[in-house]
2 protein chains.
Amino acid sequence: MSVSVDNFLKNVYLLNQETGSPVTSSHLAGRLEISVAAVTDMARKLGAQGLLDYRPYKALTLMPAGKEVALKIVRKHRLWELFLYEVLKMDLMSVHEEAEKLEHHTSDDLMEHINRFLGHPDFDPHGDPIPGIGGRIPSEKGVVLLREIGEEEACIVAKLRYRNAETSEMYDRFGLKKGIRLKVVRMFPFDGSIEVEFPGGREVVLSEKLAQNIFCIKQ
Amino acid sequence: MSVSVDNFLKNVYLLNQETGSPVTSSHLAGRLEISVAAVTDMARKLGAQGLLDYRPYKALTLMPAGKEVALKIVRKHRLWELFLYEVLKMDLMSVHEEAEKLEHHTSDDLMEHINRFLGHPDFDPHGDPIPGIGGRIPSEKGVVLLREIGEEEACIVAKLRYRNAETSEMYDRFGLKKGIRLKVVRMFPFDGSIEVEFPGGREVVLSEKLAQNIFCIKQ
DNA sequence: TTTTTAGTTTAAGGTTGCTTAAAATCGCTT
DNA sequence: AAGCGATTTTAAGCAACCTTAAACTAAAAA
């Protein structure tokens, strides 16, 4: 499997997970930062290999073999992220970019050494589940979007979705971290923004766009 | 820098180090397992970029900028090898192949995190020196080829040069390891083979070809 | 139903890094 | 000094992955 193929399949998987909607060529092209034509090309090729269900003008769906490849790469990505963060003490902001490269050049054997070293973890430092070798995904019971928490209710941040360097920077700026306790003060239906209270009493308004990447567990 | 460019420069450097003789296109082609024509192509390209001193029909020499690239890759390779061996407890036989891939996809920042984690080491698990960031190479004072040791003299193995999976397997088979004590029993000028005694009295004859990869320190 | 338009596919072409095969050059031997 | 064998370069071409631009489709709007 080449890097391009791996990345293609991985992003079909992730895009579908994150949006919950069918993956179109243009979505994927945007995410991979390549032309739509290049997506069509690759999709047809992977279709022929039985990795992708490709039918002209239809949404892209992973076939079982393709999903297996995707999950393996996601596993490697998330294990690397945790390793870089926990063991090498790298900045949470850099681990994504590093893992993005390493994931494609890591043998299964090396990955299992890292897995063992980490003690077979279930979640990466952003709170995302690490798929198992068999493809099983650790459950995130009770984890919901911040917007699902009612006003005046408290919650524990369980997952801060990585979008790009900017989101990470904003998390940092606000002091948002996995495990932190937040109280939802007010929701503003007008623009979907949410006011929360940090431990210590500091109150902050989070934009809808940012809040959509914040997951937590009701308390 | 692409992987191919990195590998090209690295192997010009290593080939020159190991043989001590000028690096020809065919030598390099053999080592990189690509055609001689491909070497010429790349050499001309790197010449134009000021990385390599390329003149038709002449031996290949690194220019300062190219040597810098080469040393950086060698540094990354050897740091990774040590890390995989010491921290992740991987097999000495596999670390080379893994490092061969990782070295090209590791940022300077990540590398320094690993360097720090390892305590700024000077030698990799095969005993090869790890170039510093400035390109300084830790000295290997007193390290000589096994054949330089006189008969009836003892020495400590300092370095077992990695050639391929087979050499590693042979080291294993014989029980050759960095730090082990050997006594040279006899040298056979006929075929260059060397008879050595292991701790415990076991005596073994090593072929010239194998012995040429064994370095040690006189005792 | 027809038209519009957003989205997708096809077509033609570029770059990188490789290949094989033919031509050129080097430098040694006689 | 000329020729020969070994090495290197040039030439032509291929596969992967990408591009832009033109042609096409599908599904919503008129």
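Predicted model only: the values in this text are computed from it and were never measured. Chain A is the first sequence line, chain B the second, and so forth, proteins listed ahead of strands; every chain is numbered from 1.
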Could you tell me how far apart [X] ([atom1]) and [N] ([atom2]) are, to the nearest whole angstrom?
X         : N       : atom1 : atom2 : value
Arg55(A)  : dT9(C)  : CZ    : P     : 13 Å
Met42(B)  : dT8(D)  : CE    : P     : 17 Å
Glu33(A)  : dC17(D) : CD    : P     : 18 Å
Lys45(B)  : dT10(D) : NZ    : C1'   : 18 Å
Gln49(A)  : dA16(D) : CD    : C1'   : 12 Å
Leu32(B)  : dG17(C) : CG    : C1'   : 12 Å
His104(B) : dG17(C) : NE2   : P     : 13 Å
Asp6(B)   : dT16(C) : CG    : P     : 16 Å

Does the ring centre of His77(A) sit less than 6.0 Å away from the ring centre of His96(A)? yes
Partner of Ile130(B) by side-chain contact (heavy atoms from CB on, under 4.5 Å), out of Leu118(B), Leu79(B), Asp122(B): Leu79(B)
Spell out, as yes or no, whether a donor-acceptor pair under 3.5 Å connects the side chain of Asn115(A) to the backbone of Met111(A). no
Tell me whether Glu151(A) contacts the main-chain N or O of Met187(A) through its side chain, where contact means a donor paired with an acceptor under 3.5 Å. yes
Tell me which nucleotide among [options] gets nearest to the side chain of [X].
X        : options                   : value
Tyr57(A) : dC17(D), dT19(C), dT9(C)  : dT9(C)
Ala38(B) : dC18(C), dT9(C), dT20(C)  : dC18(C)
Ile34(A) : dC18(D), dT10(C), dC18(C) : dC18(D)

How is Phe8(B) classified with respect to the nucleic acid when contacts are heavy atoms under 4.0 Å: base, sugar-phosphate, or nothing? nothing
Classify the nucleic acid contact of Ser25(B) as base, sugar-phosphate or nothing, counting any heavy atom under 4.0 Å across all strands shown. sugar-phosphate
Please determine whether a side-chain nitrogen or oxygen atom of [X] lies at a distance below 4.0 Å from atom OP1 or OP2 of [N].
X        : N       : value
Ser35(B) : dT19(C) : yes
Ser26(B) : dT8(D)  : yes
Arg44(A) : dT10(C) : yes
Ser2(A)  : dC17(D) : yes
Lys58(A) : dA26(D) : no
Tyr54(A) : dT9(C)  : yes

Are there over 12 heavy-atom neighbours, none belonging to His27(A), within less than 6.0 Å of that residue's NE2? no
